[in-house]
Every structure is written in C-alpha cells, then in structure tokens.
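Per chain, numbering begins at 1; letters A, B, ... match sequence-line order.
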There are 2 protein chains.
Amino acid sequence: MDDIDRAILRELQTDGRIPYSDLGPKVGLSASAARQRLQRLIDEKVVQVVGVTDPMAMGGQTMALLGLHVDGDPRAVADELSRHDEVVYAVLTSGTFDLFAEVVCRRPHDLLDFVNDVVRPIEGVTAVESFPYFGIHTHRFLWDVD
Amino acid sequence: MDDIDRAILRELQTDGRIPYSDLGPKVGLSASAARQRLQRLIDEKVVQVVGVTDPMAMGGQTMALLGLHVDGDPRAVADELSRHDEVVYAVLTSGTFDLFAEVVCRRPHDLLDFVNDVVRPIEGVTAVESFPYFGIHTHRFLWDVD
DNA sequence: TGGCCCGGTCGATGTCGTCCACAGTGTTCC
DNA sequence: GGAACACTGTGGACGACATCGACCGGGCCA
C-alpha cells in the first residue's frame with residue numbers, strides 16, 4: 001500500500017472501467033504493472049470495483065436511518081434485516097443504540113410498512129427510532145487519510 | 001429501466017470491470033447492446049462504476065456514526081464536515097438528530113481528536129453523539145426493490 | 001400503409017487485456 | 001562481500017475486446 005496504489009484507487013473513483021493502458025501512465029507505471037497492482041488490490045479485497053446505483057434515480061424516494069435497541073444478540077437482528085432488499089447498510093454500534101440500518105423505499109408509506117411489518121416484529125427488537133432523509137449529502141467510496 | 005438494465009446492474013455488483021462481451025450474453029444481449037445500455041445508465045447517472053475501498057484493509061480501524069444537533073443550517077455544517085477526508089458519508093435527517101455523519105479514523109484516539117477538534121467547533125453544532133462501531137455488517141451498492 | 005424512431009444485431013478496425021520471459025533492485029544468509 | 005532469492009516493473013506477441021457505423025425489424029401514429 002504505497003502512493004502508487006493510492007493513485008490507482010483515486011483514479012478508480014472517477015472511472016472504475018478505465019483501461020489499464022490509460023491507468024498505467026496516469027500513475028507513472030506501464031499498463032502491465034498497473035494491471036498487476038490493481039489485480040493484487042482486488043485479490044486482497046482492499047478494493048472492489050462495483051456499480052453503485054443512485055436509489056433516487058431508481059425510484060427510491062424515501063430513505064431513512066433506523067436506530068434500533070436490541071435485547072439479545074444484535075448480530076442475529078442484523079442478519080435478519082439484511083435479508084430484505086430495502087436494507088442497504090447495517091452496522092452494529094455501541095452507544096445509545098445497538099444497531100443502525102439504512103433503508104430505502106419507494107414511498108413514505110412503504111417505509112412505514114417496512115418498519116412496522118418487518119423491523120418491529122423481529123425477535124429481540126425492543127425499540128426503533130427512525131431518521132428519515134431526502135437525499136445523501138456526501139458519499140465517498142475511498143478512505144484516504146493515510 | 002427494465003429487467004435487462006437491472007440484470008446489468010446486478011452483474012456489476014460482482015465485477016464492475018466485466019467485459020461487454022461477457023456482460024452482453026449474461027443479460028441476453030449482444031455485446032454492443034449491453035455497452036449502449038450501460039453507457040446510457042452511466043450517462044444518466046443511474047449507476048457509477050467505482051472502486052470501493054475497505055477502510056479496515058487500509059488501516060481505518062476506528063469507525064463511528066456521529067449524530068449531530070445543529071442550530072442553524074445543517075447544510076453548512078455538512079459542507080464543512082465533508083471537507084475532511086475522515087468523513088465518508090453524510091445525510092441530513094429529520095427526527096431527534098439533524099445530521100448524521102460517518103467517520104473513519106486510524107485509531108480510537110484519532111476519532112476523539114476529530115470529534116473534539118473538528119466537529120464540535122463547527123459553527124452551529126450544539127451537540128454530538130457518537131456511535132462507534134468495529135465493522136460493517138452489510139453494505140449493498142444496489143437498491144433493487146422495484 | 002407509409003414513415004419514423006427506438007433499440008437491437010452484425011461486422012470491420014484498431015485498441016486493449018493477458019501472459020510470459022527478462023531486467024533491475026533490495027534482502028537474507030553464509 | 002557476494003550468491004541466491006523474492007519482488008516488481010518492462011516490453012512484446014497474440015488473441016480477445018471495445019468501438020463505431022451500417023443495417024434491420026417491431027411498435028406507434030398520422
């Protein structure tokens with residue numbers, strides 16, 4: 001993990017499908033070398049080149065962060081939540097909540113249904129607080145503090 | 001946005017660099033047609049092919065969700081927060097918090113510094129609650145409820 | 001029916017990915 | 001110090017691939 005690796009990752013932020021023959025020169029390497037390095041980064045699961053969709057553009061007008069209080073093992077609850085397509089993100093936290101989940105639905109009504117019909121009935125869920133939002137302000141896919 | 005588009009997006013979840021000549025047949029199309037469709041989806045900003053890094057694998061051992069209470073315009077606070085590399089995600093919410101931010105740091109100590117030296121001094125921030133976590137349970141890049 | 005548009009296939013061309021042999025550099029261990 | 005080795009980048013050859021334009025067929029509307 002050196003400056004060249006980081007340069008590669010930075011290039012992948014603007015275009016994940018950039019040809020190696022462009023990528024190489026941009027990071028000061030031959031195409032072959034750039035390919036080897038990116039391959040290595042992918043193999044080591046440092047980076048993953050994927051298509052990221054914008055829920056808004058796909059009809060997901062209603063988004064919310066759900067803060068859950070859980071009695072029992074929060075991992076079981078997270079597993080159960082993740083089985084639903086509406087849940088795009090889940091983390092186990094410490095603090096005043098045990099678990100946060102990010103949920104995307106078509107309409108506000110669907111969110112209400114999801115919380116009441118799916119989330120609340122899950123074994124161990126004692127309370128749900130929802131924080132609706134209407135757009136993502138910032139979303140970075142590269143963490144680069146090093 | 002039809003079933004074929006969705007199939008394309010699904011393929012991009014496992015490999016964003018898949019050749020069009022593989023992608024086409026996989027979604028029941030010629031390579032050219034697959035290319036045209038993906039190009040269109042990218043142009044319309046429905047999808048974005050990017051390299052997504054795993055903060056853990058890059059030395060970001062300490063992550064937290066920050067819930068902020070803001071007096072004034074939360075957007076200004078979000079703008080300011082987003083100027084820092086530690087912040088990978090920010091949303092403006094309604095509910096008992098005004099703003100959530102996701103933060104990645106190297107060590108717990110860095111998180112403490114970040115909250116105290118950067119977040120709290122921001123104009124308008126009246127309270128910060130932090131929810132540390134030690135790993136991401138689920139992270140989906142495709143929202144596919146349609 | 002005729003014309004148009006959208007979205008697909010097909011095929012030619014030049015570019016690109018892939019693989020391999022080789023070279024340079026730094027490290028380890030007598 | 002120097003031999004052996006691992007690691008990483010280079011260059012080239014070959015086959016696979018992206019790219020683009022020409023063409024084609026179905027749905028739609030006058």
(request) Taking all heavy atoms of B:G59 and all of B:R106, pick out the closest pair and write down the distance. (result) O-NH1, 3.4 Å
(request) Determine whether more than 12 heavy atoms belonging to other residues, nucleotides or ligands lie under 6.0 Å from atom CG of A:D71. (result) no
Pairs under 3.5 angstrom, nitrogen or oxygen only, protein versus nucleotides 19-25 of chain C, please.
unit_1, atom_1, unit_2, atom_2, d
C:dC19, OP2, A:R35, NH2, 3.2

Please list, for nucleotides 23-25 of chain D, all pairs of protein and nucleotide N/O atoms separated by less than 3.5 Å.
none

(request) Look at A:D2 together with A:R37 and state whether they make a salt bridge at an N to O cut-off of under 4.0 Å. (result) yes
(message) Heavy atoms from C-beta onward define the side chain here; which of C:dG7, D:dA18, C:dC16 lies closest to that of A:D22?
(response) C:dC16
(message) Looking at B:Q48 and A:G51, would you say the former's side chain and the latter's main chain have a donor-acceptor pair under 3.5 Å?
(response) no
(message) What is the separation between atom OH on B:Y20 and atom P on D:dC20, rounded to the nearest whole Å?
(response) 11 Å
(request) Report the distance from atom CZ of A:R37 to atom C1' of C:dT18, rounded to the nearest whole Å. (result) 19 Å
(message) Rounded to whole Å, how long is the line connecting atom CD1 of B:I4 with atom C1' of C:dT9?
(response) 13 Å
(message) Between B:T53 (side chain only) and A:F141 (backbone N and O only), is there a donor and an acceptor less than 3.5 Å apart?
(response) yes
(request) Would you indicate, yes or no, if D:dT8 has its OP1 or OP2 atom less than 4.0 angstrom from a side-chain nitrogen or oxygen of A:R40? (result) no
(message) I'd like to know if A:R10 pairs up with A:D5 as an ion pair, taking the criterion as any Lys NZ or Arg NE/NH1/NH2 lying under 4.0 Å from an Asp or Glu carboxylate oxygen.
(response) no
(request) Nearest whole angstrom, please: distance from the C1' of D:dC7 to the CG of A:D2. (result) 13 Å
(request) For B:L38 and D:dA18, give me the distance from atom CG to atom P, rounded to whole Å. (result) 11 Å
(message) Judged by each residue's nearest nucleotide on DNA chain D, which is more toward the 5′ side, A:R17 or A:L29?
(response) A:L29
(request) Find the distance A:I42:CD1 to C:dG17:P and express it as a whole number of Å. (result) 12 Å
(request) Ignoring backbone atoms, establish whether B:S30 has a side-chain N or O less than 4.0 Å from OP1 or OP2 of C:dC10. (result) no
(message) I want to check something: taking the side chain as every heavy atom from C-beta on, are A:V125 and A:V77 in contact at a cut-off of under 4.5 Å?
(response) yes
(request) Could you please name the option among D:dA18, C:dG17, C:dT9 that lies closest to any side-chain atom of A:S21? (result) C:dG17
(request) State, to 0.1 Å, how close A:Y133 and A:L65 come at their nearest heavy-atom pair, and which atoms those are. (result) CE2-N, 3.7 Å
(request) Check the distance between D:dC17's P and B:D15's CG and give it to me in whole angstrom. (result) 13 Å
(request) Step through it carefully: locate the ring centre of B:F114, locate the ring centre of B:H84, and say whether they are under 6.0 Å apart. (result) yes
(request) Nearest whole angstrom, please: distance from the C1' of D:dA18 to the CD1 of A:I18. (result) 15 Å
